[in-house]
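Keep in mind that what you see is a predicted model, and the values were worked out from it rather than measured.
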Amino acid sequence: MSENVDVVVIGAGPAGLTASYELHRYGIPSTILEADTQVGGISRTVERDGWRFDIGGHRFFSKVQRVEDFWHEILPQEDFLLRPRKSRIFYQGKYYDYPIKAVNALQNLGPKEAAVCIASYLQARVRPPKDQSDYESWLVARFGWRLYRTFFKTYTEKVWGVPVSEMPADWAAQRIKSLNLGNAILNAVKPKTNQKEITSLIEEFEYPKYGPGMMWEVCRDKVVAQGSKVVLETKVTKIRHENGKAYEVVAEHADGDVEVLPATEVISSMPISQLIEIMDPPVPPRVLKAAHGLRYRDFLTVALVVPASAVSWTDNWIYIHDPSVRTMRIQNFASWSPYLVKDGRNVLGLEYTVFENDADWTASDEKLIEQGKQELDRLGLVKYLDIEAGYVVRQPKAYPIYDDVYAANVDVIRGWLTDYASNVHPVGRNGMFRYNNADHSMFTAMLTAENIAKGTDHDVWTVNVEEEYHEEKASSGAPKPAGSHGTGRDAPVLSRKVLDAARSRVGGSH
C-alpha cells in the first residue's frame with residue numbers, strides 16, 4: 001500500500017508526529033515538514049544554556065486510553081516521573097488551595113474579610129443583577145462582588161484580554177466551576193449543614209523526566225527509523241490542487257532551496273488560516289476572508305533562574321490574581337522535574353497571554369526579563385537581586401480564540417476543503433482551530449491515519465469538547481455515547497467587536 005501512497009505531514013508537533021507514527025502501523029511512511037528548528041510544537045521543551053522550559057505545563061493525563069497507551073509505547077516507563085498535582089491561587093501574599101477548601105480560605109482571608117465576603121455574597125443572592133447575560137453579572141449573582149473581584153476578574157481578564165463584563169454568561173470556565181468560595185465559606189460557618197463534596201482533581205500525573213519535548217524527540221527518532229523523513233526549518237509555501245484533490249506540496253528550506261513533493265494525502269497541523277492562504281490555485285475571496293477572520297491569543301514565557309532555596313512553594317504552578325502585575329501564572333519547573341534544572345538552582349516561568357500586536361509581544365527580551373524580575377520581587381516571591389538570569393520564549397498562535405463568527409468561518413473553510421481538496425486533512429489544535437489539549441490533538445491524528453490507511457470514515461470534527469474538566473477524576477455513571485471522546489477544553493465565545501477593540505487597545509500599551 002505504501003507504494004501507492006505519498007503522505008506529506010505538515011508540522012512535527014503532537015498531531016503530526018502521532019499521525020506519522022500511526023501510519024507506520026500499516027506500513028505507510030511519510031514526509032514531515034516542520035518550519036521550526038525542533039519538533040514538538042507547543043509541546044516542545046525549549047533548552048537554553050542547559051535549562052529546560054515547558055511551554056505552558058503539560059500534564060500527561062488522558063481519559064482516552066489509546067492516547068495513554070501511545071505515550072507508553074513511545075517512552076519506557078523509567079523515563080516517566082510520577083508527579084504530585086499541586087496548583088494554588090496566590091493572592092496578597094497567601095496561597096489558596098485549588099479546589100478551594102473552606103478552612104484554608106477562611107484562614108487566609110481572616111475573620112474580618114471573610115465576614116465582608118459573606119455579606120457581599122448574601123447581598124448578591126438577595127438582590128442579584130437583573131441582567132445576567134454577561135459573565136461578570138453571572139458571577140456576581142453567584143458569588144457577590146467581593147469574591148468576584150478577588151478570585152475571578154483579574155485572572156480571567158489576563159487570560160483572555162477582554163473585560164469579564166463583555167464575556168458571555170453561557171460559558172462556565174472549567175477552572176472556575178469548582179472555585180465556589182461562597183459555598184465553601186458558608187459550609188465552614190455551618191459545617192454540618194448541607195455539606196457538598198467539591199469535585200476532586202487527579203492527585204498525580206506522569207511527566208517525561210526531560211520535559212514533554214522528550215516524548216516527541218523520541219517519536220521523531222522512531223518514525224525516522226521506520227522510514228519516514230522529518231525535515232526541519234522547512235516552510236510549506238504552496239499546496240497545489242486540481243479536480244478536488246491536492247497533488248503536490250511545495251516547500252522552501254532554510255537555505256532557500258525549493259522542493260516539490262508529490263502528495264496523495266496531506267495531513268496538516270499548521271494553522272488552518274495559513275493552510276488556506278497557500279492553496280494553489282488560490283481559494284475564492286469568501287474563503288480567504290473566512291481564514292483571515294480567525295483570531296488567536298499568543299503566549300510568552302519569561303524564565304528566570306533563581307537559587308533553589310529562594311522558592312518555598314512546591315506547586316507545579318501558581319495562579320496570580322494580583323492586578324498590579326501582568327503575569328497570570330508562574331511555573332515552578334523544579335516541581336515538574338529535577339532534570340529540567342541544575343546546579344542547586346530553580347527556574348520560574350512567568351507566563352503572559354498577549355496579542356501579537358501587543359507591546360509585550362514586540363518588546364525586547366531584555367525589557368521582558370526586567371519586567372519579570374520586578375514582578376517576582378513585587379509579589380514577594382523572589383527578591384530582585386536573587387534572580388541570576390532570564391530567557392524569553394515566544395509561542396505565536398498558542399490559543400485559538402472563539403468569537404461570535406469563528407464557527408461560521410471554520411465551516412466555510414471545511415466546506416471548501418471537502419469540495420476542492422478532500423485529501424487535505426486538518427488535525428490538532430491549530431490545524432482544526434480547536435482550543436484543546438495535546439491528547440485531543442493526538443486523537444484526531446489517530447483517526448485521520450485510520451481513515452487514510454483503512455478507508456474508514458471517522459469524522460474528526462466530532463471529537464467533542466466534554467463538559468467536565470479534563471483533569472477531574474472519572475465519576476461513575478452511564479457511559480458516554482460512542483464518539484464522545486472529548487478531551488478538549490471549553491472556551492468563551494467572545495464578541496468580535498469587543499475582541500478587536502481589545503486588540504487595538506494593547507497595541508501601544510504597557
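For the residue pair Lys86/Thr314, the side-chain donor-acceptor check at 3.5 Å is satisfied. Asp459 and Thr462 are not linked by any side-chain donor-acceptor pair at a separation below 3.5 angstrom, with hydrogens and angles left out of the test. Between the side chains of Asn332 and Asn346, at least one donor N or O sits under 3.5 Å from an acceptor N or O. In the model, Glu136 has a side-chain atom that pairs as donor or acceptor with a side-chain atom of Tyr148 under 3.5 Å. Judged purely by distance below 3.5 Å, without hydrogens or angles, the side chains of Tyr384 and Glu375 never pair a donor atom with an acceptor atom. In summary, the side chains of Ser87 and Trp317 do present a donor paired with an acceptor at a separation below 3.5 Å, with no hydrogens or angles considered.
Aromatic pair Tyr435/Tyr399: ring centres closer than 6.0 Å. Side-chain rings of Phe205 and Trp336 approach one another, their centers coming within less than 6.0 Å. Note: Phe151 and Tyr96 meet the aromatic proximity criterion, with ring centroids under 6.0 Å apart. Checked against the 6.0 Å centroid threshold, Phe60 and Trp71 count as a close aromatic pair. Under the 6.0 Å cut-off for aromatic ring centres, Phe53 and Tyr391 qualify, their centroids lying closer than that.
Look at Arg85 and Glu204 and you find no salt bridge, because none of the NZ, NE, NH1 or NH2 atoms lies under 4.0 Å from a carboxylate O. With salt bridges taken as basic N to acidic carboxylate O contacts below 4.0 Å, none links Asp403 and Lys497. Salt bridge Asp500/Arg295: present, at least one basic N to carboxylate O contact under 4.0 Å. Look at Arg146 and Glu113 and you find a salt bridge, because one of the NZ, NE, NH1 or NH2 atoms lies within 4.0 Å of a carboxylate O, short of that distance. A salt bridge between Arg59 and Glu206 is absent, with no side-chain N of the basic residue lying under 4.0 Å from a carboxylate O of the acidic one. The residues Asp360 and Arg326 are annotated as salt-bridged, a charged nitrogen and a carboxylate oxygen being separated by less than 4.0 angstrom.
In this structure, Glu356 places its CD atom where more than 12 heavy-atom neighbours from other residues, nucleotides or ligands lie under 6.0 Å away.
Among the candidates His72, Gln65, Arg66, the single residue satisfying the side chain to side chain donor-acceptor pair (under 3.5 Å) test with Asp69 is Gln65.
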**Message:** Go through it in stages, so that I can follow the logic: the residues are Phe152 and His321, the test is ring pair (Phe, Tyr, Trp, His ring centres under 6.0 Å), and I'd like the CA-CA distance, side-chain angles, deciding distance and then a yes or no.
**Reply:** CA-CA 8 Å; Phe152 300 100; His321 284 229; 8.1 Å; no

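Panel note: side chain Thr301, backbone Ala303; no donor-acceptor pair is recorded below 3.5 Å.
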